[in-house]
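One structure is given here, and the rest of the page talks about it.
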Amino acid sequence: MSTTPNIDAIHDLLVAIGAAKGKTKLELLENFVKDADETQVDYLKRLLKFWFDDQVKFGITSKQLPKQLTDFSVAHVTEGNDLDSDYFIAMREIQLATGTGATDRRIKMLEDIRTKYEQPVLKWSLWALDKNLKIGIQASSVNKVIPGLLSEFGVMLAHPFNVKKVSGWPRMIEPKLDGMRTLVVVDTVDWVVDFYTRAGNPIPSLVPMTMEVIDFVRVVMDEKEMGRIVCLDAEATSGSFNESVSALRSDDPIEEGTLHVFDVLGLPGTNLLEASDAQLEEMGTQRQRRKLLEAAFKAYKETNKPKFLELPGSYWAASEDEIWAMYEAARNNGLEGLIIKDPDAFYRKKRDYAWMKIKAEETMDLQIIGFFEGTGAMVGTLGGIVVDFKGEQVKVGSGFSLSQRGELWEALNADMEKTAGRQVMGMLAEVQYQEVTPAGSLRHPVFKRLRTDKAEISW
DNA sequence: GTACTAGAATAGGGACCGTA
DNA sequence: TACGGTCCCTATTCTAGTAC
């Protein structure tokens, strides 16, 4: 193994990981980190942060670049230098560029990189911009080999309801609210409050809730000893889903809205990203955390009149029948659905069967009026179909198996070459969706099947 | 051997924001 | 002012690995 930062060595490693299967991928990375020269490993770590860390952003993607920069079929003449610290400085400058002409300056810096280094380095830079390597590993896998290298911001998520996954009765039932998931992180030493989405991005519009959050967290800390960091897991709403997204995604401070706080965590460190499962278990079970929230809300309301904070209802179901009865009632009350929780489960930063969700599902039979090719691994096969919903063209790209994509792609292309005797174009497709959007399209459309048995449009 | 799980990858509508 | 990109919400399938 080379002792100087060597482009070929890192290039070979990436090619090998891309070609490997299963845990061999991580073994290759592990061996490289173990065997390679310290400087080489240091450079690799910095590259991994560029490629996988969502917090490391460049403000431009390869889509915005001129063709000649992204066309690797043409051989570029380069100076062929080894990787050096100048490269990382250049990438940092791309990150920091702002204002008028920032895009042009970024492109210029990438052109300089192309001129100075061997070809793989430009490709690595484009991967960093797009956060898309397609070598079959992502941030969580990298962190298994090099713990703590990349920011991993995770909240607990629910699986679709499956009664076989219910480990016992009763279950806790909470409403499923249709807004934006919000994690409120409170540093109780410096009294700094940050609002994050479930991907770990800040939500500046919620700043007006800061004082109320601080007052509430003080009450929580009176009820129970917490770590330095107190997190409130919540759903933020401000009217309908679209209205909520509009208000919350804006940079302007929110005026009206509700923070439905359904979980509370106390953590010892200063960084939520580092919270371990063991630390999360110290906060107790779902039942215990809910009890703490209820006590805190009760105490808080004795001396305060909350403007934003709200405790969503929580109920008990002793059987599947009771769950479905509650679901019907929830739907009649205009709720999106229910969350079913295991009262004995600990909080986890991942999708977990301790939480399950029931949501409304509807389907319609709609006419196929077009189709489009896939991207990435789906180039050369069907990306999706376009259906007609009351004059609105709705693209449906999810729900196909690989074999369906292949068959439909072939049939639809053949249909395009003839005007008569078309096989698939014009047929009906059963499409599942969550709701009709205010704009008259379909939210979360999913292909279910071709309706070979009927020709009558649902609506 | 079968069933399940986790991770990675594909796809959608629609909102705001920065840049052209 | 329009448009492209990003980021919210989300769905699904496929593969490799693990549990039963």
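Here is how names work: the chains are called A, B, and so on, in the same order as the sequence lines, proteins then strands, and each is numbered from 1.
In this structure, the OH atom of Y196(A) is 15 Å from the P atom of dC7(C), given to the nearest Å. What separates NZ of K164(A) from P of dT2(B) is a distance of 16 Å, to the nearest Å. Rounded to whole angstrom, the span from the CZ atom of F372(A) across to the P atom of dT10(B) amounts to 14 Å. Between the CZ atom of R106(A) and the C1' atom of dA20(B) there is a distance of 14 Å, rounded to whole Å. The distance between atom CG of L129(A) and atom C1' of dT6(C), rounded to the nearest whole Å, is 14 Å. At whole-Å resolution of the value, NZ in K144(A) and C1' in dG7(B) are 7 Å apart. The nearest whole Å value for the distance from the CD1 atom in I17(A) to the P atom in dG7(B) is 17 Å. Per the geometry, OH belonging to Y353(A) stands 15 Å off P belonging to dA3(B), to the nearest Å.
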Give the C-alpha distance, both sets of side-chain angles, the deciding distance and a yes or no for side chain to side chain donor-acceptor pair (under 3.5 Å) between E430(A) and T363(A). CA-CA 6 Å; E430(A) 186 178 350; T363(A) 70; 3.2 Å; yes

Step-by-step ring-ring contact (aromatic ring centres under 6.0 Å, His included) determination, Y353(A) to H159(A): CA-CA 6 Å; Y353(A) 281 104; H159(A) 279 287; 3.7 Å; yes

Side chain to side chain donor-acceptor pair (under 3.5 Å) between E328(A) and W324(A), worked out: CA-CA 6 Å; E328(A) 281 308 314; W324(A) 287 111; over 6 Å; no

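Tested against Y87(A), the residues Y43(A), W124(A), Y117(A) include a single ring-ring contact (aromatic ring centres under 6.0 Å, His included) partner, Y117(A).
Among the nucleotides dG7(B), dC8(C), dA6(B), the one closest to any side-chain atom of H159(A) is dA6(B). Taking the side chain of S141(A) as heavy atoms from C-beta on, and the options dG7(B), dG14(B), dT5(B), the nearest nucleotide is dG7(B).
Taking the ring centroids of F50(A) and W127(A), they lie at or beyond the 6.0 Å cut-off. F216(A) and F297(A) have their aromatic ring centers within a separation under 6.0 angstrom. Aromatic ring centres of Y327(A) and F161(A) lie farther apart than the 6.0 Å criterion allows.
With Q404(A) contributing its side chain and F400(A) its backbone, the two residues share no donor-acceptor pair below 3.5 Å.
One finds no salt bridge joining K359(A) and D178(A) here, because no Lys/Arg side-chain nitrogen approaches an Asp/Glu carboxylate oxygen to under 4.0 Å.
Remark on DNA chain B: of its neighbouring residues F241(A) and K350(A), the 5'-side contact belongs to K350(A), judged by nearest-heavy-atom nucleotide. Nearest-nucleotide assignment on DNA chain C puts the 5′-proximal partner with G179(A), out of G179(A) and T24(A).
For dA15(B), the OP1/OP2 oxygens have a side-chain nitrogen or oxygen of N242(A) closer than 4.0 Å. Phosphate contact (OP1/OP2 of dG12(B), side-chain N/O of Y433(A), threshold under 4.0 Å): absent.
Contacts of G374(A) with the nucleic acid, taken as non-hydrogen atoms under 4.0 Å apart, involve only primed sugar atoms and P, OP1 or OP2.
For the residue pair Q286(A) / W355(A), a side-chain donor-acceptor distance below 3.5 Å is found, with atom types taken as modelled.
Contacts of residues 243-260 of chain A with DNA chain C (heavy atom under 4.0 Å): R249(A).
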Output one letter per nucleotide in nucleotides 10-16 of chain C: B when a protein non-hydrogen atom lies under 4.0 Å from the base, S when only the sugar-phosphate is that close, - when neither is. BBSSS-S

